[in-house]
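Beneath this line is the structure, given in structure tokens, with notes to follow.
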There are 2 protein chains.
Amino acid sequence: MTDYQWIERGGVTTAQGYAAGAVAAGIKTSGKKDMALVVSATKASLGATFTTNQVKAAPVKLSMEHAKKGEVRAVILNAGNANACTGLRGINDAKSMVQEVATKLGCKRHEVLVCSTGRIGIPLPMAKVKRGIGKLFNKLAVSGGKTAAKAIMTSDTYPKECAASLQIDGKTVVIGGMAKGAGMIHPNMATMLACITTDAAIEKKLLVKLTGECVERSFNRISVDGDTSTNDTVIVLSNGAAGHPVMEKNHPELAKFEAVLTEVMRKLARMIIEDGEGITKVVELTIQGARNNLDAKRAAESIARSPLVKSSWCGNDPNWGRLMDAIGYSAAQVKEEMIDIYYNGLIGVKGGLASSTPMSRLRKEVRNRNFSITIDLHQGKGCYSLLVNDLTEEYVTLNKGE
Amino acid sequence: MTDYQWIERGGVTTAQGYAAGAVAAGIKTSGKKDMALVVSATKASLGATFTTNQVKAAPVKLSMEHAKKGEVRAVILNAGNANACTGLRGINDAKSMVQEVATKLGCKRHEVLVCSTGRIGIPLPMAKVKRGIGKLFNKLAVSGGKTAAKAIMTSDTYPKECAASLQIDGKTVVIGGMAKGAGMIHPNMATMLACITTDAAIEKKLLVKLTGECVERSFNRISVDGDTSTNDTVIVLSNGAAGHPVMEKNHPELAKFEAVLTEVMRKLARMIIEDGEGITKVVELTIQGARNNLDAKRAAESIARSPLVKSSWCGNDPNWGRLMDAIGYSAAQVKEEMIDIYYNGLIGVKGGLASSTPMSRLRKEVRNRNFSITIDLHQGKGCYSLLVNDLTEEYVTLNKGE
């Protein structure tokens, strides 16, 4: 067992040597806080993953460039405007944001990353943004995690943050972070921003590798609506303030660190899915017995994208017929007569046919806000899990207009 | 121009030598008509396409077998129960339906096809079904097209039928048909049944080929919700009652026949999409300038499956940012700065950026029930078109429960 503890009210500034702040710069029409700044007191190592969408927002393009250096002092974030599909002007605006922060901090430009989220296709109101950045430096505080987590919210209904502590070389190390999510969430991330900070010391290349692997097991395993956004970014900062020697790949406690980093990301990912737009259900979907892991993933994602399946959950309807249908048109190899389907461990389908479990019994499980569906294809050893929401009238209402 | 005429109130029995009938057998809990029979007076040639779903309903499996012979006298159809995921019992039930019809008609079993649509996973109430088949033979009439079209409806709000006439070798030929659709409609069909009859005479293999090609240009170009059902079937019967010599592949009027068959299928497909569950919009989506046709299809289907894009249409919101996003995460090769997007021919996006067309002007187009979106990727000559619905609260309401 990995020995670690959750820290109550922990967040992006719980680890040593980090400060954050937020302001209302006027980007959100609501007048709510819409800009946040996270700063490390000393130069931190960086791990980051970005959207796989071919249409990338300006801040993503710029941050990808900066991430190559693997050194970071600050992350500047805004909500209310994605600075996506904004062309050369968008790139220049992202560069200006970075320049402002770098000048004030006295660091190199490549030591600043930038994240934006919100509406696509409209240029940032740069006068407001620049004034906002100026004010942000007066707001920086080691207690600033929560206000920063609030400022990056778009349709989120609550801020998403957590932190955990563990021991490395006898020193207490903290890993904490914040995220925003809600709509447009699908594997390979989707307008989803996460900023994670740790006071552990990790060799630069190792941190990059760890970040990718942990994201794969956490943020890439949630699906709200199958859309992958132009702005998805997960950033991990590691500044070494905990004071242990730098961890290299053979460090005996590396696996423990990786496990806790995964748990922190999973907790943030879970919060994102629990706060999906208008949702009433969070389903832990597992495909097992697939020909291989890729097939398991294909079957899971086919289900996760089916509006018919997801509508049925909203109506407390197990409707395994729609699951069979969605598996059948996926690219996974399946044999109808081999498929078993379980709801919270109760068998609903045995060998492709209705089991003896009464439908009323299955319905009872599906009435819960959280339940699991496990599908065994009996084709091999491939396995894949995903957290999936239902599709509700409220989701449509929230997304149909401005 | 192809010279043909639509026949008012035409349907599946408008062509010579066909009769149809319908009864309420008690499969639908509503007590509405739920079984239909279409009979050709003489042995007809057969063209048919079936669902690509790996999970195929029993009637699909059986009809695929029978279709190999290419000869057909009758099609027996029921709504209210899909006879899918019903195992060996389901196969035997489908066989019994065929046997009942073949005995009564005095034809071979392989000359009868069977189609079912409705809920998955529940065995057919065979006593009711058999009594229904018995009664159907008393209802057969050359005026029975409309009642048959009504009987195969599930969540359809109106029966879908049409017929057109053209001249072949100086003889008047009719092509008519009926279809049911509504939910679960996506390219490669989806609980969508269509039965088309013609009194033209066509060589057997040629009819099979024509059917596949015409389906590709019609029923496979509509998308309600991206789900592909276990039961999709399109059947074309050709009995030669018009009296012209059998058309072979070099017949000078073959292209004309194919064009009209395509138009009949397109008309039925259009009715299906216009009657999509809870929809308020029908969008003619065209991708052009793709690297190739496959890339164009990928981009179109990515958009057609995006709940974010489809919700925005429901709210009269052009939201081209979501289109850019959906194109970007498709498997099609795109360059953001090359993309142009038109709404009803009005340019909304030029080179990946907002055009000078005011958003209010674009919004006006999207407020229509029917509008077109054309996206030019400027990557090559690939092209693909699709009819797509919006996603509405009503869709979810209709699909969330029993």
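If you're wondering where the values come from, they're calculated on a predicted model, not measured in any experiment. Lettering follows sequence order; numbering is per chain, from 1.
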Proximity breakdown for A:Trp320 and chain B, heavy-atom pairs closer than 4.5 Å:
side chain
A:Lys310 vs B:Val396 side-chain heavy atoms within contact, under 4.5 Å:
no
Ionic contact status for A:Lys56 with B:Glu336, cut-off 4.0 Å
no
Which residue, B:Thr52, B:Thr51, B:Asn53, forms the side chain to side chain contact (heavy atoms under 4.5 Å, CB included) with A:Tyr329?
B:Asn53
Could you tell me which portion of B:Ala82 (side chain, backbone, both or neither) has an atom closer than 4.5 angstrom to a non-hydrogen atom of chain A?
neither
Output the distance between atom OH (A:Tyr395) and atom CG (B:Leu308), rounded to the nearest 0.5 Å.
3.5 Å
Flag, side chain of B:Asn399 to backbone of A:Ser311, donor-acceptor distance under 3.5 Å
no
Within residues 349-360 of chain B, residues adjacent to chain A where the heavy-atom gap is under 4.5 Å
B:Gly352, B:Leu353, B:Ala354, B:Met359
Are there over 12 heavy-atom neighbours, none belonging to A:Lys364, within less than 6.0 Å of that residue's NZ?
no
Under the 3.5 angstrom rule, does the side chain of A:Gln54 hit a backbone N or O of B:Val334 as a donor-acceptor pair?
yes
Between B:Lys400 and A:Glu393, is there a side-chain heavy-atom distance shorter than 4.5 Å?
yes
With distance as the sole test, does B:Glu337 use its side chain to make a donor-acceptor pair with the main-chain N or O of A:Cys85 at under 3.5 Å?
no
Going by heavy atoms in the side chains, are B:Val55 and A:Ile327 under 4.5 Å from each other?
no
How long is the span from the CG atom in A:Asp325 to the CG atom in B:Asn231, to the nearest 0.5 Å?
8.5 Å
